[in-house]
Amino acid sequence: MTKFQIGDKVKFLNSIGGGVVTKITADLIFVRDDTGFDMPMPANELIRMADMSGVGKVFNQDVPGHLPSAEEAKRIAEAESKAAAQMAEQNRKLKEKFSGSADDDNAEKLREENKKLRNQVANLQDQVKNLQRRLAQLQSRNARELNDNILMQYMVRPGEAEVDLHIEALHENPDQLADSEKLDIQLRFFRTCLNHAMLNGVKRVVFIHGVGRGVLKTEIQRELDQYGNIQYIDAPMSVYGAGATDVYFK
């Protein structure tokens, strides 16, 4: 089983979407999606993008103007820490000043100083909120961009893609999987690619599934039969051998 870490970028196997791992328990992986919601998911329903030979390229690609940089994320964290530290220090100083006796003039000066300090803290907090809001917007736009373009890495020409469903291309340790687990991963990724193709107006996708015992091919074509707007044939043997299905979207 893939070992996930907090901060890993992942995709959902059986549906469109993904996000960043924020929490890990014994049974579940919590993934923060583009709405900011932490979604609990079983580990076997996630693909870690950084480890994938194909999918990771899209998820981790740099989308100009959309993907927040590490420097920006670091700046947000530093601003939060600075605001908290300044507030704590200012509160400590104010308590020290007000703890002793003071005449009316000193009391008025202290009140003015207190007001200025509180305004400074409020400004810092507003800056932090603005940075957090910008980061959330960038992450949301980036997630939508990636969801819309999962097939980009497989495009061979405008409107046409070739998707490799061999388990070696979809899992880092295929030898550790049972045959049923391999088939489940392959079918889930097939469904994801099929959904993205229909959502984004792709005209043709060749799914390369190999020959083997023909189980994966049979399951793929059984699912394709459920769609009225899809036609499929065996892909040309001269190009793909006997192990690919050519899918056309009306």
Taking every non-hydrogen atom, the tightest pair across [X] and [Y]:
X: Val163; Y: Cys193; value: CG1-SG, 4.0 Å
X: Met198; Y: Asn229; value: SD-ND2, 4.1 Å
X: Gly228; Y: Lys250; value: O-NZ, 3.5 Å
X: Gly159; Y: Val202; value: O-CG1, 3.3 Å

Identify whether [X] and [Y] are in the same connected component of the hydrophobic contact network (ILVMFWY, side-chain heavy atoms under 4.5 Å).
X: Val205; Y: Tyr240; value: no
X: Val206; Y: Tyr248; value: no
X: Leu216; Y: Ile208; value: no
X: Phe30; Y: Ile6; value: no
X: Phe249; Y: Met155; value: yes

Any donor-acceptor pair under 3.5 Å from [X] side chain to [Y] backbone:
X: Asp164; Y: His166; answer: yes
X: Glu160; Y: Arg204; answer: no
X: Asp8; Y: Phe4; answer: no
X: Asp184; Y: Ser180; answer: no

Query raised in the report: Are Phe190 and Phe207 close enough that their ring centers fall under 6.0 Å?
Result: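 Between Phe207 and Phe190, which both carry aromatic rings, the centre distance is below 6.0 Å.
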**Report entry** Any donor-acceptor N or O pair under 3.5 Å, side chains Asp225, Tyr232
**Finding:**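 Yes, a side-chain donor-acceptor pair sits under 3.5 Å.
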